[in-house]
Amino acid sequence: GQQVMQIPQYQHVQEGEDFTTYCNSSTTLSNIQWYKQRPGGHPVFLIQLVKSGEVKKQKRLTFQFGEAKKNSSLHITATQTTDVGTYFCAGRSNYQLIWGAGTKLIIKP
Amino acid sequence: DTAVSQTPKYLVTQMGNDKSIKCEQNLGHDTMYWYKQDSKKFLKIMFSYNNKELIINETVPNRFSPKSPDKAHLNLHINSLELGDSAVYFCASSQGVVNQPQHFGDGTRLSIL
């Protein structure tokens with residue numbers, strides 16, 4: 001079946017270091033959404049990418065959609081404690097939203 | 001003003017019992033969803049309703065039965081609860097099924113003893 005693979009499963013970083021999570025789809029996506037889930041919270045929509053090669057920024061967060069619309073990434077520059085949580089991608093294919101397994105961002109003490 | 005509200009927030013019950021979770025959204029959306037999130041945080045779609053019609057029905061035991069009395073409500077009834085049903089259940093809503101973001105409720109934490 002259709003899958004969206006998301007890596008890594010976990011990433012431990014020192015505060016101030018960068019963080020990146022990647023999503024790869026087995027099929028071409030019509031769009032891709034990104035969500036953040038804080039510990040004990042619920043997923044919250046961050047952004048949607050639609051166009052091939054699209055890049056969008058939200059302050060320290062940079063989102064990219066690949067040229068073939070099969071992969072996407074989220075990069076956080078200079079992580080802060082408020083960035084802690086699990087980041088999910090969700091790709092749209094044939095009217096279904098296919099979720100990645102999430103990448104948990106952990107800030108080392 | 002809570003946009004998507006679920007009740008109860010916590011549900012602790014014995015194996016074999018029947019329980020219901022309720023969800024209401026005040027966003028005026030026409031599509032609602034139920035997700036199951038297990039201990040590994042994987043989000044699995046269970047059901048989706050658009051204008052009260054079932055449009056997604058993933059491989060879920062038939063002990064789970066959704067019901068949408070109107071566009072603003074989607075309830076989930078679970079019969080004969082099993083240990084493996086322990087998880088967080090999220091309700092979500094969106095406007096349409098194609099391009100709009102999903103808005104999630106706070107979740108119902110179900111624990112089976």
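Keep in mind that what you see is a predicted model, and the values were worked out from it rather than measured. The sequence lines fix the lettering, A, B, ..., with proteins before strands; numbering per chain opens at 1.
- A distance of 9.0 Å separates CD1 of B:I45 from CH2 of A:W99, quoted to the nearest 0.5 Å.
- Here the closest non-hydrogen pair linking B:F90 and A:G41 is CZ-O, 3.6 Å.
- Under the 4.5 Å side-chain contact rule for hydrophobic residues, A:L46 and A:V50 do not share a cluster.
- Remark: the B:Q37 side chain and the A:Q37 side chain contain an N/O donor-acceptor pair separated by less than 3.5 Å.
- Looking at A:N31 and B:N99, their side chains come closer than 4.5 Å, going by heavy atoms from C-beta outward.
- Chosen from B:K44, B:Q102, B:Q100, the residue pairing most often with chain A at heavy-atom distances under 4.5 Å is B:Q102.
- Each of A:Y35 and A:F19 belongs to its own hydrophobic cluster when Ile, Leu, Val, Met, Phe, Trp and Tyr are linked at side-chain heavy-atom distances under 4.5 angstrom.
- Atom NZ of A:K56 sits in a crowded spot, with more than 12 heavy atoms from other residues, nucleotides or ligands closer than 6.0 Å.
- More than 12 heavy-atom neighbours from other residues, nucleotides or ligands sit within 6.0 angstrom of CD on A:Q80.
- Note on B:W34: it does not cluster hydrophobically with A:L97, by side-chain heavy-atom contacts below 4.5 Å among ILVMFWY residues.
- Heavy atoms closer than 4.5 Å to chain A are found in both the backbone and the side chain of B:F104.
- For chain A, the nearby part of B:Y35 is the side chain; its heavy atoms alone come within less than 4.5 Å.
- Residue A:Y22 is not grouped with residue A:I32 when hydrophobic side chains (ILVMFWY) are merged at heavy-atom distances under 4.5 angstrom, including chains of intermediate members.
- Open room surrounds NZ on B:K40; 12 or fewer heavy atoms of other groups in view lie less than 6.0 Å from it.
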Evaluate side chain to side chain donor-acceptor pair (under 3.5 Å) for B:E58 paired with A:Q96, printing each intermediate quantity in order.
CA-CA 11 Å; B:E58 291 295 314; A:Q96 273 207 315; 3.1 Å; yes
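- Contact count versus chain B (heavy atoms, under 4.5 Å) is highest, among A:A101, A:G102, A:P43, for A:P43.
- B:I78 and B:V60 fall within the same hydrophobic cluster, defined by Ile, Leu, Val, Met, Phe, Trp and Tyr side-chain heavy atoms under 4.5 Å apart, directly or through other members.
- Note that SG of B:C91 is 11.5 Å distant from NE2 of A:H42, once rounded to the nearest 0.5 Å.
- Using a 4.5 Å cut-off between heavy atoms, A:I98 makes no contact with chain B at all.
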